[in-house]
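Beneath this line is the structure, given in structure tokens, with notes to follow.
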Amino acid sequence: MTTTETSSNDATAVPRRDSGTRLTFLRAVHAEWIKLASLRSSYVILSIALLGMVGVGMLRAFSVADMAAGLAVYGGPAGADQEGILKEFGIFAREVPATGIMVAQFLIASLAVMQIGSEYSTRMITTTLTAVPRRITAVLSKMLVIVAAAFAVGILGALISYAVAQPILQPQDLGYSLTADGVAPSILYAAIFLALIAVMSLGIGAMLRNNAGGLVATLGILMILPVIVAILSGVGDGFKDVGLFLPTSAGGDMVAIRTSPERLTPVQGGLVVLAWAAVAAGGGLASVKYRDA
Amino acid sequence: MIEAFGLTKTYGKRTAVDGVTFTVQPGQVTGFLGPNGAGKTTTMRMILGLDRPTAGRVLVNGRPYAGHAAPLQEVGALLDAKSVHPARSAFKHLSVLAATHGIPRSRVEEVMAMTGITETARKRVKGFSLGMGQRLGIAAALLGDPRTVIFDEPVNGLDPEGVQWVRNLARGLAAEGRTVFLSSHLMSEMAQTADHLIVIGRGRIVADAPVAAILAQGQDKALVRSDQSAQLQAGLAAAGILFRELEAGLLEVSGAEPRRIAWIARECGALVHELTPVRPTLEEAFMELTRDDVEYRSAELAGAGEGTR
């Protein structure tokens, strides 16, 4: 490995230590990983995200099993297509593993906001940007770490939910394998959704440079905006379409196995969430790059 | 080596640093002296690329700080000892910084031992005293074995033993050929540590010289007691020498050698029965340098007013 010596006029006689010592992107990522792993709050939040995801999946499994049991005992509505309803329940059952993202997203979002917001509030950012003065590298390394954590929670949470759901669903003949129609893509999309939410939240945190502000803004987009749009859609039909383009709704469409012409397809939903993530990440990168630390 | 060229930083209408140009040479301790709010920290932040200069530029070892392959090997900086996540341990904090550059764990242990924080290194930084925090900051600065060291007010919060330690550390680093740049608002502290001083006041460099030269440059004053004070005042004013009447018959004359004062007294026929040179103290030299030029003159002239007109 060669180090280029530019300042030939420099009279310092200090010997160079190890020439392998230099800043690289992967090392910055490693450092961000240590940061995340050395805070108790990270474990707490990620554990709650995982537990929440599994818990919600389990509840959903119970509710689907319950509906199926009801159908078996009492039969469907008069004249209903019994087979069609059962098929519908089968889709519900296969959607169970990904259901938990609706809870996990809030925790992932909070962690991602704090990953950078707390650096600004503790002034740690000064230290970070002194060690990693290439600011895009500094932000992207953070992003990669939180994306990995969010993706892992998504995959792990969905797989555990799947495993937990099977004994609940099997008595109703609603059990299925991971290779069943739509299951694997749904699980993958769930993890991708959480990763994109992490990117969006980190971007917002980087723009607002503050935990409280970042959390309010992020949770506002995820929780409050859908409520507002839902209320407004009662006023005018135009707002219904707006609702489709909110990240929470688009995320739901991403992981859905049941398709409907009124909803987005998984890929479309993914593109919508990606757009939210890209805009926020772009803003966050610009804010860190061009504003004083 | 640090080279600043016309470095300027403005925040809205306020100019924090106003076109400063200076060079910090390796192999000696350079003190960056100025009252609080003079622009020391802002200048240091610009050196590290944390704040973007409004105008001008600054190079460290020949390049902008961010342009180096191994920034931590170029500059070790202690800007604010509290730039640490309080829930992380000192060891983890240092490990994070080491990881960015692939610095081995043995070096982390080494700087912890050097700064005396090994025993508390596994505890959360939250419980650290000011002095311990300062030591952690210095450990972080030394981690990359940097060629240039920048410490902003390094002795803040340290006990006398710690102050002595920082002083020796700075001198030792300079003796190894490194560039050492320390800021302080205390002249007495700098006089004991630095070889060279860059004095900043209201965002401008007011002096850039060896410590000895700065002390010598402090304006000489003399106390002059005369029975014909009025004549002497007229004579001094005619010669363009500044003075102040401390009490009837006693003048404090600035910027003139005793011999010159005596000659003027002789020429205007004033009997002088006391002529005492007053050497400036360190603090006075500093205060004089950092006082705003305009304010300084107007105050001084007001005292000399009656003699001039």
Side-chain angles (χ1 to χ4, degrees), chain A residues 1-42 114-115 118-119 121-138 141 289-293, chain B residues 1 9 11 25-27 45-46 48-52 59-73 75-77 79-80 82-89 91-93 95-104 107 124 137 140-141 143-148 173 176-179:
Chain A
M1 204 170 288
T2 51
T3 328
T4 42
E5 194 67 54
T6 47
S7 48
S8 49
N9 59 338
D10 192 14
T12 41
V14 181
R16 283 313 184 91
R17 203 168 257 264
D18 180 6
S19 63
T21 301
R22 62 194 184 88
L23 172 64
T24 65
F25 179 68
L26 282 183
R27 283 172 174 169
V29 172
H30 180 209
E32 285 302 328
W33 176 253
I34 299 175
K35 274 189 201 168
L36 191 74
S38 59
L39 290 180
R40 201 187 299 160
S41 56
S42 313
M114 288 194 293
Q115 196 197 12
S118 70
E119 289 227 1
S121 58
T122 62
R123 305 302 310 140
M124 173 71 194
I125 193 73
T126 307
T127 307
T128 299
L129 293 181
T130 303
V132 186
R134 292 166 223 160
R135 299 195 174 181
I136 298 295
T137 299
S141 56
K289 172 127 179 96
Y290 296 111
R291 283 171 63 196
D292 287 344
Chain B
M1 180 146 84
K9 183 70 184 180
Y11 297 101
Q25 298 286 354
R45 286 174 62 84
M46 286 193 283
L48 291 164
L50 292 168
D51 287 355
R52 184 183 298 266
L59 302 179
V60 186
N61 302 334
R63 284 187 186 190
Y65 178 66
H68 285 286
L72 288 185
Q73 276 192 326
V75 181
L79 283 193
D80 179 355
K82 289 185 284 289
S83 304
V84 175
H85 197 300
R88 205 171 275 130
S89 73
F91 173 71
K92 285 292 182 187
H93 177 74
S95 299
V96 165
L97 298 182
T100 60
H101 281 57
I103 294 167
R107 178 63 185 169
R124 288 169 162 224
L143 195 60
D145 197 14
R147 291 202 291 169
T148 298
L173 291 169
E176 287 167 18
R178 295 175 214 262
T179 305

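In what follows, every chain begins at residue 1, and chains take the letters A, B, ... in the order their sequences are listed. Quick caveat: nothing in here was measured; it's all calculated off a predicted structure. Below, each value reflects all heavy atoms present in this structure, side chains not excepted, and no hydrogens, waters or symmetry copies.
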Could A/Asp292 and B/Lys9 be called an ion pair, given the rule that one side-chain N must be under 4.0 Å from one carboxylate O? yes

Mind ranking A/Val29, A/Leu39, A/Ile125, A/Thr137 by heavy-atom pairs under 4.5 Å with chain B and telling me who comes out on top? A/Leu39

List for me each residue that meets side chain to side chain contact (heavy atoms under 4.5 Å, CB included) alongside B/Ala141, sequence neighbours excluded, and say none if there are none. B/Phe151

Report the option among B/Ala140, B/Gly49, B/Ala99, B/Pro64 that has the most heavy-atom pairs separated by less than 4.5 Å from atoms of chain A. B/Ala99

Residue, of B/Thr100, B/Val75, B/Leu48, B/Thr148, that accumulates the most heavy atom pairs under 4.5 Å with chain A: B/Thr100

Taking only residues two or more places apart in sequence, or in another chain, which ones meet A/Met124 in a side chain to side chain contact (heavy atoms under 4.5 Å, CB included)? A/Lys35, A/Glu119, A/Thr122, A/Thr127, A/Thr128, B/Arg88, B/His93

Do side-chain atoms of A/Arg40 reach the backbone of B/Ala87 as a donor and acceptor pair under 3.5 angstrom? no

Heavy-atom donor-acceptor pair, A/Arg27 side chain to B/His101 backbone, under 3.5 Å: yes

Where on B/Val84 is there a heavy atom nearer than 4.5 Å to chain A: the side chain, the backbone, both, or neither? backbone

B/Tyr65 side chain vs B/Met46 backbone, donor-acceptor pair below 3.5 Å: no

Portion of B/Leu50 that has a non-hydrogen atom of chain A nearer than 4.5 angstrom: both

A/Ala131, A/Ala37, A/Ser141: which one forms the most heavy-atom pairs within less than 4.5 Å of chain B? A/Ala131

Of B/Lys92, B/Arg52, B/Lys82, the largest count of non-hydrogen pairs under 4.5 angstrom with chain A goes to B/Arg52

Note: B/Asp51-A/Arg291 ion pair, threshold 4.0 Å (strictly below): no

Sort A/Thr24 into side chain, backbone, both or neither according to what part of it lies under 4.5 angstrom from a heavy atom of chain B. backbone

Of the backbone (N, CA, C, O) and the side chain (C-beta and beyond), which part of A/Phe25 lies under 4.5 Å from a heavy atom of chain B, both, or neither? neither

